[in-house]
Amino acid sequence: QVQLVESGGGLVQAGGSLRLSCAASGRTFSTYHMGWFRQVPGKEREFVARISWSRSGSNMYYGDSVAGRFTISRDNAKNTVYLQMNSLKPEDSGVYYCAAQTVVGRADAPANYGYWGQGTQVTVSS
C-alpha cells in the first residue's frame with residue numbers, strides 16, 4: 001500500500017517556475033515507477049512524466065508537451081518525487097496528480113497506475 005500527498009501547486013505567471021513534491025508513505029516506495037499526470041475539467045487525464053526504478057538507476061520519460069521544460073526526479077531516502085516545472089505556459093494549468101505505477105505497461109496510461117494522490121492545483125496566468 002502506498003499513500004501519496006502532493007504539494008507545491010499555486011498561481012504563477014507565464015514563464016515562471018514551480019516545483020511540485022509528492023510525499024509517499026510505504027516501505028516499498030523505492031521500487032515503484034512514479035508518474036505525474038495533469039487534468040483540466042472536461043478533459044482526460046494527461047501524462048506529464050514518469051521516473052522509473054531499477055537497481056541500475058532511473059530513467060525519465062516525458063510527455064511531448066512538457067519535454068525540455070519539466071524535470072522529474074526522486075529521492076528514495078525521503079520517499080519523495082519531484083516535478084520541476086520551468087517556462088510555464090497557461091496551457092500547463094490544471095490539477096497535477098502523482099501516481100505509482102502498479103501494472104507493467106505504457107508509462108503514459110493512467111490505467112497502469114494503482115495509487116494516486118489527491119492532486120494539487122497549478123494555475124499559470126498569461
Side-chain angles (χ1 to χ4, degrees):
Q1 189 80 7
V2 176
Q3 293 184 327
L4 305 171
V5 179
E6 302 96 334
S7 62
L11 174 64
V12 63
Q13 287 188 333
S17 298
L18 280 176
R19 188 176 82 154
L20 305 183
S21 299
C22 172
S25 64
R27 292 177 295 175
T28 60
F29 163 79
S30 62
T31 64
Y32 285 99
H33 302 333
M34 298 297 298
W36 285 95
F37 290 78
R38 66 188 182 190
Q39 191 168 25
V40 297
K43 292 190 176 181
E44 294 185 353
R45 200 159 287 191
E46 178 189 7
F47 171 74
V48 174
R50 189 200 78 176
I51 185 165
S52 65
W53 170 86
S54 74
R55 289 185 175 86
S56 61
S58 296
N59 292 314
M60 285 69 78
Y61 176 53
Y62 297 94
D64 290 342
S65 62
V66 306
R69 299 186 297 121
F70 290 12
T71 302
I72 188 171
S73 61
R74 68 191 299 164
D75 185 338
N76 289 335
K78 296 182 178 179
N79 276 13
T80 302
V81 177
Y82 303 98
L83 184 69
Q84 177 66 44
M85 306 186 295
N86 297 328
S87 302
L88 283 161
K89 305 175 182 180
E91 52 264 43
D92 293 319
S93 297
V95 178
Y96 282 69
Y97 297 92
C98 171
Q101 188 170 359
T102 55
V103 176
V104 174
R106 292 173 61 101
D108 59 354
N112 291 337
Y113 292 76
Y115 299 113
W116 293 84
Q118 82 290 348
T120 185
Q121 177 71 46
V122 172
T123 303
V124 184
S125 62
S126 57

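The structure presented is a predicted model; accordingly, all values stated were derived computationally and were not measured.
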inquiry  = Just so I know, are the side chains of F70 and L18 near enough to count as touching, which here means a heavy-atom distance under 4.5 Å?
reply    = no

Residues in side chain to side chain contact (heavy atoms under 4.5 Å, CB included) contact with D75, at least two apart in sequence or another chain = A77, K78, Y82

note = Between the CD atom in Q1 and the OG atom in S25, the distance rounded to the nearest 0.5 Å is 8.0 Å

query = What's the shortest heavy-atom distance between R69 and S87, and which atoms?
reply = NH1-O, 2.9 Å

D92 side chain near R38 side chain, heavy-atom distance below 4.5 Å = yes

key: Value rounded to 0.5 Å, distance of CG in N59 from CD1 in I51   = 8.5 Å

Q3, CD atom: more than 12 neighbouring heavy atoms under 6.0 Å = no

ask   = Taking atom OG of S126 and atom NZ of K89, what is their separation to the nearest 0.5 Å?
value = 14.0 Å

query = Nearest 0.5 Å, what's the CG-CG distance between L4 and N79?
reply = 10.0 Å

request  = Measure across T71 and Y62 and return the closest heavy-atom pair with its distance rounded to 0.1 Å.
outcome  = CA-OH, 3.4 Å

ask   = Between G94 and Q121, which heavy-atom pair has the shortest distance, and what is it?
value = O-NE2, 3.4 Å

query = Cluster partners of Y61, using ILVMFWY side-chain heavy atoms under 4.5 angstrom, listed by chain and number?
reply = F37, F47, V95, Y97, Y113, W116

Contact list for residues 117-126, test salt bridge (charged side-chain N to carboxylate O under 4.0 Å, His left out), sequence neighbours left out = none

query = Within a strict 4.5 Å, meaning less than it, do heavy atoms of the E6 and W36 side chains meet?
reply = yes

task = Can you run down the salt bridge (charged side-chain N to carboxylate O under 4.0 Å, His left out) pairs that involve residues 106-126, sequence neighbours left out, and say none if there aren't any?
result = R106-D108

request  = Can you see which heavy atom on S21 is nearest to which on T80, and at what distance?
outcome  = CB-CG2, 4.3 Å

message = Nearest 0.5 angstrom please: M34 CE to C22 SG, how far?
response = 4.5 Å

task = Work out which heavy atom in G9 is nearest to a heavy atom in V122; give both atom names and the distance.
result = CA-CG2, 4.2 Å

Sole residue of E44, R45, E46 in side chain to side chain donor-acceptor pair (under 3.5 Å) with Q39 = R45

Inter- and intrachain pairs under disulfide (SG to SG under 2.5 Å), touching residues 44-85, at least two apart = none

message = Among residues at least two apart in sequence or on other chains, which ones pass side chain to side chain contact (heavy atoms under 4.5 Å, CB included) with A14?
response = P90, V124

ask   = Closest heavy-atom contact between N86 and S17?
value = OD1-OG, 2.9 Å

remark   = Rounded to the nearest 0.5 angstrom, the CD-OG distance for Q118 and S7 is 8.5 Å

ask   = Counting distance only, does the side-chain N/O of H33 pair as donor-acceptor with the main-chain N or O of W53 below 3.5 Å?
value = yes

